[in-house]
Amino acid sequence: MKQLTLLFLVISTFTFAQMPNISSVWMNNSQPYTGTIGAEKTPLKLKINISEQDKLKDQEYYLAGFSIVENNSSKFEGKLKIINYKAGKKRNSVFGEYEFAEENKGKHSGIFAGKFVYTFMWNKKTEKIERQFIEFFGTWKSYDGTLNFPTRWSNQVSN
């Protein structure tokens, strides 16, 4: 009977647990994410200006901002969804998916879609995040279907 009660307690904890609002994480301290697009690794920047947690689906976030590739700048908006969380003693990881739609301004407008990993170090003494790394990887597809490029960007400058 004790095992059944314990099992029910564990299941109810996961069922009714509220995901903390980490919308500020995606804003990257008002700094742009940097990375590349295409096989030629053309420089790419994404800046997120709005990040809001969905009140009903607390593991989803609405994001909006703009992307810059060469001389092309486009506003975008979309969703980021947390799929899994892996806790460690110090290092923790959050895994998910994203889809950001750029405003349709012609051939060089499209949809970013893929996966992300948010890794952070947790200091139990201070109860604060010491270091964090966010990496997005996926594709960008033009609305007309003629262009399809791999993408990768993060909150840290890569060499």
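Here the structure is a predicted model, which is why all the values come from computation and not from measurement. Note that these values count all heavy atoms, side chains included, but never hydrogens, waters or copies made by symmetry.
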Quick one: closest heavy-atom pair of [X] and [Y], and the distance?
X	Y	value
Ser51	Tyr61	OG-CD2, 4.4 Å
Ser142	Asp144	OG-OD1, 2.8 Å
Val25	Ile134	CG1-CD1, 3.7 Å
His108	Asn72	O-ND2, 3.0 Å
Ser93	Thr119	OG-OG1, 3.6 Å

Any side-chain to backbone donor/acceptor pair from [X] onto [Y]? Under 3.5 Å, distance only.
X	Y	result
Asn104	Tyr143	no
Lys105	Lys75	no
Asn29	Gln31	no

For the [atom1] atom of [X] and the [atom2] atom of [Y], what is their distance to the nearest 0.5 Å?
X	Y	atom1	atom2	answer
Lys115	Ile83	NZ	CD1	7.5 Å
Glu60	Asp54	CD	CG	5.5 Å
Lys90	Arg131	NZ	CZ	7.0 Å
Glu102	Phe76	CD	CZ	8.5 Å
Asn155	Glu135	CG	CD	9.5 Å
Ser109	Leu147	OG	CG	10.5 Å

Taking the six-membered ring for Trp, are Phe120 and Tyr118 closer than 6.0 Å centroid to centroid?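 Ring centroids of Phe120 and Tyr118 are less than 6.0 Å from each other.
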With the side chain counted from C-beta on, respond yes when [X] and [Y] share a heavy-atom pair under 4.5 Å apart, and no when they do not.
X	Y	answer
Phe136	Thr151	no
Asn28	Ile48	no
Leu44	Tyr33	no

Would you mind listing the cluster partners of Ile68? Hydrophobic ones only (ILVMFWY), side-chain contacts under 4.5 Å, chaining allowed. Phe66
Residue among Tyr62, Trp153, Phe112, Trp140 satisfying ring-ring contact (aromatic ring centres under 6.0 Å, His included) with Tyr98: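 Going through Tyr62, Trp153, Phe112, Trp140 one by one, the ring-ring contact (aromatic ring centres under 6.0 Å, His included) with Tyr98 is satisfied by Trp153 alone.
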Stepwise, does the ring-ring contact (aromatic ring centres under 6.0 Å, His included) test hold for Phe100 with Trp26? CA-CA 13 Å; Phe100 305 144; Trp26 315 122; 9.8 Å; no
Could you tell me whether Lys47 atom NZ has more than 12 heavy atoms of other residues or ligands within 6.0 Å of it? yes
Other residues, nucleotides, ligands: >12 heavy atoms within 6.0 Å of Glu103 CD: yes
